[in-house]
Amino acid sequence: MVFEVTTLGTGAALPARGRYPTAQLLNVRDELYLIDCGEGTQERLRMAGVNFNRIGRIFISHMHGDHYLGLMGLLSSMHLQGRSRELHVHGPADLKEVVHLQLRVSQTYLRYPLHIHAVASVSGEVIMEDDRVTVTALALKHRLPCTGLVVKERAGLRSLRKEMLPVIPAYRRAGVKQGEDLLAEDGTVIPNAELTLDPPARRSYAFCSDTAYAPELVPFLTGVDLLYHEATFTEALLARAKETLHSTARQAATIARDADVGSLLLGHFSSRYKSADVLLKEALEVFPRTLLSSEGATFKVGTRG
Ligand SMILES: [Zn+2]
């Protein structure tokens, strides 16, 4: 079952050659979720061959332009394409007003139902739950209210043990997969553990952008399989990171190490770095399972071991 993230944009606020502002496409069992929507996101989605209609939900972390200025363009294109499927957008309280103002002054009456949900930036609070994932908030440390995400797969069904198939009547199989015991013909109870195998481990992905170093997030990130954490600067610019409430690559790696995550994915690179290798090198000194995001690259979210 697919669970993967494509980084559509890896740059920070200012444009840099070859980099785009933050946007990520999360695919969980073939349903698409968009995380942030910087300028040019719809073009990036086109390049990735993504049908906009497959996106059911969009999460916006905060109201800095490099994280949401692509949203109106994408909403308009969905309208022009005749979308009828409803769309849910989860973001800061101010987002609704901004979107509605732009729709009003352009006299655009969307063809599809648009639901904009205000997200409270409280770590551990559930933002959204559907049949695939549970999404909880992370209160990031930034100049504006900024919300990160932990996206955790919902538990799958137990699978039937092959050797037990002959004793499980077809009409009982759905119940047994959900954990029910079985009453045998002779009246004895066969416990579920003898009939089934555990479901696959639940995979999880966390998104932390933008944020200053925030060790208070560690308990909420512990054990996630893939952590995306911004790494705007190197340690040489620690003072600048503190002033702008961003993180260094070393700080991102420290969070990954302390939360014992499966892998760390770096992004939100300052335009001053022509190559992000210097950020990767710094993070690797603290946390060896570190990867660099790049435009259009896809990373599998997998369980460890
Ligand atoms: Zn920001």
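Only a predicted model underlies this, so the values are computations on that prediction, with no experimental measurement involved. Whatever order the structure lists ligands and atoms in, that order sets their numbers, starting from 1.
Taking the six-membered ring where the residue is Trp, Phe233 and His246 present perpendicular rings, their angle passing 60° and hence far from 30°. Between His62 and His142, the ring planes are perpendicular. Angles over 60° get that label, and only those under 30° would be called parallel.
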- prompt: Can you check ring pair (Phe, Tyr, Trp, His ring centres under 6.0 Å) on His90 and His115, steps first, answer last?
  reply: CA-CA 8 Å; His90 304 260; His115 307 283; over 10 Å; no
- request: Apply the test salt bridge (charged side-chain N to carboxylate O under 4.0 Å, His left out) to residues Arg250 and Glu285: give CA-CA distance (whole Å), side-chain angles for both, the deciding distance (0.1 Å), then the verdict.
  value: CA-CA 8 Å; Arg250 169 171 283 274; Glu285 286 166 14; 3.5 Å; yes
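Using a 4.0 Å cut-off between charged side-chain N and carboxylate O, Arg132 and Glu153 make no salt bridge. Electrostatic pairing of Glu243 and Arg240 counts as a salt bridge here, judged by a charged N lying under 4.0 Å from a carboxylate O.
Atoms of the protein (N, O or S only) found under 2.8 Å from the Zn ion (ligand 1) are His62 NE2, His64 ND1, His142 NE2, Asp210 OD2.
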